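Quantities reported herein were computed from a predicted structural model and do not represent experimental measurements.
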Amino acid sequence: MSRPIIVFDLDGTLIDTAPDLLDSLNHSLAASELTAVDEAGFRRFVGHGGRVMIERAHAAQQRSLDVAEHDRLLKLFLDHYTDNIPGKSRPYPGVVDAIGRFEKAGYLLAICTNKYEANSLALIEALGLTRHFAAIAGQDTFAFRKPDPRHLTETVRLAGGDPHRALMVGDSQTDIDTAKAAGIPVVAVDFGYTDRHVREFEPSAVISHFDALTVELAERLIRAAGH
């Protein structure tokens, strides 16, 4: 029988990347002579990616944004972010211990994220976590991305796992919808980047700290999926 696998989203789930993404956003906004955004008010948009963040920041300041300027600012954003990895980004409390628990229990670990693959690999490497993951799949790893369920199922297969013995952990509606479409149970963390509480999207379970992500919970949810 194949080993069970737990697949994590990255930004807002495993790693708190908001400080660096917001720094990169403000770097790009300065090029348009816009006011820097407030972290507290803008964190909820971080999970939507740089393009949406730039768009929201311009809308908030009643500034128009044409396609060419949007593309220019996105390049500034991405270049700044890439050049400063890992910056202030750190694993959420309890992440390292949770990884250890699941490794000890014989689980494969993987990451399925809509962050670019190169940036995902660079971040995990810079934080010294690469050895724990059998696969790290970004938005450009395959020809599809979340919420397409194939992004999740192909990540599982890339890691050598079985989608019938898998669990997803994420922080957003996109993660939850992806897992549901793949027929994979999903645990939602409630401290990530979303403007609505994850409970509204009806995940299999909600946790507020990685200490609550136990092997027993994972086994129960995988068993309940009834594959």
Side-chain angles (χ1 to χ4, degrees), residues 2-21 24 46-50 77-79 81-163 165-172 174-179 181-182 184-189 192-193 210 213 218 222:
S2 63
R3 293 163 62 186
I5 182 169
I6 183 163
V7 182
F8 299 92
D9 173 53
L10 186 52
D11 298 58
T13 300
L14 275 182
I15 312 296
D16 184 9
T17 53
D20 297 307
L21 292 167
S24 296
V46 167
H48 296 292
F77 172 96
L78 292 171
D79 287 349
Y81 179 75
T82 300
D83 290 345
N84 289 282
I85 290 173
K88 305 167 192 169
S89 296
R90 297 293 181 270
Y92 281 102
V95 161
V96 174
D97 288 343
I99 286 172
R101 276 197 300 280
F102 282 93
E103 284 183 326
K104 187 176 181 181
Y107 276 67
L108 292 165
L109 305 177
I111 291 172
C112 178
T113 174
N114 278 346
K115 195 185 198 75
Y116 286 106
E117 181 185 294
N119 283 343
S120 303
L121 293 169
L123 176 60
I124 293 301
E125 177 65 28
L127 294 174
L129 299 174
T130 303
R131 69 186 185 279
H132 299 294
F133 297 100
I136 299 174
Q139 68 160 267
D140 50 342
T141 301
F142 307 112
F144 34 77
R145 55 183 282 190
K146 297 183 293 186
D148 189 315
R150 293 175 296 172
H151 192 178
L152 175 53
T153 55
E154 289 305 307
T155 299
V156 169
R157 293 189 177 97
L158 186 63
D162 179 353
R165 301 195 71 208
L167 176 70
M168 175 77 185
V169 181
D171 72 310
S172 69
T174 297
D175 295 321
I176 295 166
D177 288 349
T178 302
I184 292 174
V186 55
V187 173
V189 301
Y193 311 143
F210 269 94
L213 186 66
I222 292 171

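The shortest heavy-atom contact between Ala159 and Ala110 is CB-CB, 4.1 Å. Minimum interatomic distance between Ala188 and Ile176 (heavy atoms only, all atoms of both residues): CB-CD1, 4.0 Å. Annotation for Ile5 and Asp162: closest pair CG2-O, 4.2 Å, computed over non-hydrogen atoms. When all heavy atoms of Val186 and Leu167 are compared, the pair lying nearest together is N-CD1, 4.1 Å. Heavy-atom minimum distance, Ile184 versus Ala166: CG2-O, 3.5 Å. Pairing each heavy atom of Gly12 with each of Val189, the nearest pair is O-CG2, 3.7 Å.
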Verdict with reasoning, Thr178 to Met168, per side-chain contact (heavy atoms from CB on, under 4.5 Å):
CA-CA 9 Å; Thr178 302; Met168 175 77 185; over 6 Å; no
Take Phe133 and Ile99 through the side-chain contact (heavy atoms from CB on, under 4.5 Å) test and state the conclusion after the steps.
CA-CA 9 Å; Phe133 297 100; Ile99 286 172; 4.0 Å; yes
Walk me through whether Asn114 and His151 qualify under side-chain contact (heavy atoms from CB on, under 4.5 Å).
CA-CA 9 Å; Asn114 278 346; His151 192 178; 3.6 Å; yes
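In Phe142, the CZ atom is crowded: over 12 heavy atoms of neighbouring residues, nucleotides or ligands sit closer than 6.0 Å.
For the salt bridge (Lys or Arg N to Asp or Glu O under 4.0 Å) condition, the pairs that include at least one residue of residues 139-154, sequence neighbours left out, are Asp9-Lys146, Lys146-Asp175, Asp148-Arg150, Glu154-Arg157.
Rounding to the nearest 0.5 Å places CD1 of Ile15 at 5.0 Å from CG of Leu127. Remark: Leu158 CG to Thr153 OG1 distance equals 11.0 Å, nearest 0.5 Å. Between atom NZ of residue Lys115 and atom CG of residue Leu21 there is a gap of 5.0 Å, rounded to the nearest 0.5 Å. Going from atom CG of Leu129 over to atom CG of Leu14 covers 8.0 Å, rounded to the nearest 0.5 Å. Here the CG-CG distance, from Asn84 to Asp79, works out to 10.5 Å after rounding to the nearest 0.5 Å. Atom OH of Tyr116 and atom OG1 of Thr82 lie 10.0 Å apart (nearest 0.5 Å).
Looking at Tyr193, its side chain does come within 3.5 Å of a backbone N or O of Ala18 through a donor-acceptor pair. Asp20 places a side-chain N or O within donor-acceptor distance of the main-chain N or O of Lys88, the cut-off being under 3.5 Å. Checked by atom type and distance alone, the side chain of Thr141 pairs as donor or acceptor with a backbone atom of Gly138 at under 3.5 Å. The main-chain N or O of Ser89 is never found under 3.5 Å from a side-chain atom of Thr17 such that the two would form a donor-acceptor pair.
Just one of Leu10, Asp11, Ile85 meets the side chain to side chain contact (heavy atoms under 4.5 Å, CB included) condition when paired with Ser120; it is Leu10.
The aromatic rings of Phe102 and Tyr107 sit perpendicular, their planes meeting at an angle over 60°, well past the 30° parallel limit.
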